Number of protein chains: 2
Amino acid sequence: MRYGGLMTGRTPAAAAGADSAAPGSRARPGARGRIDKRQAILTTAFVVFAREGYAQATLDAIAAEARVAKHTIYNHFGDKQTLLRAAIAAEADRAMARNLAAVDRLRDHDGDLRAALEDVGRQLVECFCDERAWALRRLLYAEIAQFPDLLDIVSGRATDPVTEALADRLARLSLAGHLRAGDPAAAAEQLAALLTGSLEARCRYGTRVIPAAEQHAVARAAVDTFLHVFGTGSAETAAPA
Amino acid sequence: MRYGGLMTGRTPAAAAGADSAAPGSRARPGARGRIDKRQAILTTAFVVFAREGYAQATLDAIAAEARVAKHTIYNHFGDKQTLLRAAIAAEADRAMARNLAAVDRLRDHDGDLRAALEDVGRQLVECFCDERAWALRRLLYAEIAQFPDLLDIVSGRATDPVTEALADRLARLSLAGHLRAGDPAAAAEQLAALLTGSLEARCRYGTRVIPAAEQHAVARAAVDTFLHVFGTGSAETAAPA
DNA sequence: ATCCGTCTGCACTGGTTGGTGCAGTTAACC
DNA sequence: GGTTAACTGCACCAACCAGTGCAGACGGAT
């Protein structure tokens, strides 16, 4: 039922709308306009929805910004609500994939656990602070009351897949003796909470951009605290702050 | 510049609109209708804005639900935007006061530090999970892009006053030897992050209500981790989970 | 050459809504 | 009793917008 399945690996094409070329003058000549248009509509719709809000955003504006006739939008999605759901699903897929890829870097753990955790922490922090991620979160918070089914579209499961994947990796590390034994789900939740909680407080609803140095400091502090509690005392537990 | 200053300690009166009484039949006979109406408009406006979203919410609906003529709203606030700002400011004052009161319970700390921290943690969790608090957060996330000045209305300062107050209390505890010495601001941030981060993940954008037992578990886990890192090892550090 | 699906530009409508104007009512206050 | 200020009910306007209809253009497939 997910819409993201239709996202083939095409280039987003008319994202920023720089070229004023007529339709059909793409670099890829063999491509029919269909997928291109659909992608352009989806990305543009997400941008406009996030910028103006669902109710304020007009289909005329989306059509103009995507360099597409309003009718084309109705041909593809038929409905403003359907367009919103599809745009959010596509963006959520992007964000989810990036987060899972970050967590997956714990798989090739070659010795220095603290360094590996800090690396993953920095990656996750970067995902969290991404402008598009904030736009997605704002949009979800805004419209979740109107469209409760957005929850299923964006994650589906009851538990956050990212935290779950993190718990998987922590479980392997525990089994290998690199972390204290215990509930890996609880450990993953606390590590994630340390990261996202601090960032949420510092980002001020996404209006403030956090410099890279501060992002790294947050990740390091989170990993410090995490290893204090869940680490085995083998040479990586330094004093906090 | 805050609007909350006008909030005298009146009863919200027509919040849920149960009585169908004619105007003027209040219990307090000496009161002019002015403050009553203003309060009713503010609370109702917040409820409707949170339920429908700013753009979707109509002034006719707010007027009807507050049992007030639409003209009265314009008399008081003159503008839909001004009404939104005033309603959010009033609700933010409420929430902030509750949070600060919770943190202030650390002031009369009589011996059992873990119990005191867990008490405060439970209070803060309860504040965070409150339905109105979620409504306020959703509304802020939704409209912060349209009205960036809502940030100043809701907190004003650069750092969150609640975390700052918590840092104050933790500093006193450190000075008294009950906590490890270190940056109290960092400690407060991590404790707050452990609480809010976990809750944010579990609440699913405010659509899920967390039972009291689960709330207490979150608070206990957060305090456990916190004391592992920042506590002096005097008899209160148990193994996590 | 022909067919057919996609895309385009434009005009149109039906409904909604922020905001205003006005006449009339109530109630506190002097 | 008279003044004044808040409140009410209703009608009204102008703007905005989702969604539709239509006629025509482009381009690939056969």
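Naming: A, B, ... by sequence-line order, numbering from 1 per chain. Just so you know, these numbers come straight off a predicted model, no measurement behind them.
We find that CZ of A/R38 is positioned 12 Å from P of C/dT6, with the value rounded to whole Å. When the P atom of C/dT16 is taken as reference, atom CD1 of B/I62 falls 18 Å away, rounded to whole Å. Rounded to a whole Å, the CD atom of B/E52 is 14 Å from the P atom of C/dT16. In this structure, B/L84 atom CG and C/dG18 atom P are separated by 12 Å, rounded to whole Å. Rounded to whole angstrom, the span from the CD atom of B/Q39 across to the P atom of D/dC7 amounts to 13 Å. Distance NZ (B/K37) to C1' (D/dA5): 14 Å, rounded to an integer number of Å. With rounding to whole Å, B/H76 atom NE2 is found 15 Å from D/dA5 atom P. If you take CZ of B/F77 and P of C/dG18, they are 16 Å apart, rounded to a whole angstrom.
For the helix from C/dA1-D/dT30 to C/dC30-D/dG1, the rotation axes defined at the first and last 5 base pairs enclose an angle of 10°, given to the nearest 10°.
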Show me the protein contacts with nucleotides 18-21 of chain D, counting only N or O atoms at under 3.5 Å.
from, atom 1, to, atom 2, distance (Å)
D/dA18, OP1, A/A57, O, 3.2
D/dA18, OP1, A/K80, NZ, 3.0
D/dA18, OP2, A/L59, N, 3.1
D/dG19, OP1, A/D79, OD1, 3.4
D/dG19, OP2, A/Y74, OH, 3.4
D/dG19, OP2, A/K80, N, 3.1
D/dG19, N7, A/K70, NZ, 3.2
D/dG19, O6, A/K70, NZ, 3.0
D/dG21, N7, A/H71, NE2, 3.2
D/dG21, O6, A/H71, NE2, 3.4

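Every residue two or more places apart in sequence or in another chain was checked for a side chain to side chain donor-acceptor pair (under 3.5 Å) with B/E126, and none qualifies. When the salt bridge (charged side-chain N to carboxylate O under 4.0 Å, His left out) test is applied to B/D119, the partners found at least two apart in sequence or on another chain are B/R105. Residues meeting the ring-ring contact (aromatic ring centres under 6.0 Å, His included) test with A/F46, sequence neighbours left out: none. The ring-ring contact (aromatic ring centres under 6.0 Å, His included) search around B/F226 returns B/F230, not counting sequence neighbours. Qualifying side chain to side chain contact (heavy atoms under 4.5 Å, CB included) partners for A/S198, counting only residues two or more places apart in sequence or in other chains: A/V218, B/E189, B/A193. Shown here are the side chain to side chain contact (heavy atoms under 4.5 Å, CB included) partners of B/A55, two or more places apart in sequence or in another chain: A/A55, A/Q56.
Side chain of A/K70 to backbone of A/A61: no donor-acceptor contact under 3.5 angstrom is found.
Residues A/T72 and A/R38 have side chains that never bring a donor and an acceptor to within less than 3.5 angstrom of each other.
One finds no side-chain N or O of A/T72 lying less than 4.0 angstrom from the OP1 or OP2 phosphate oxygen of C/dT6.
Applying the side chain to side chain donor-acceptor pair (under 3.5 Å) test to residues at least two apart or on different chains, the pairs with a partner in residues 127-145 of chain A are A/E91-A/R132, A/Y141-B/E200.
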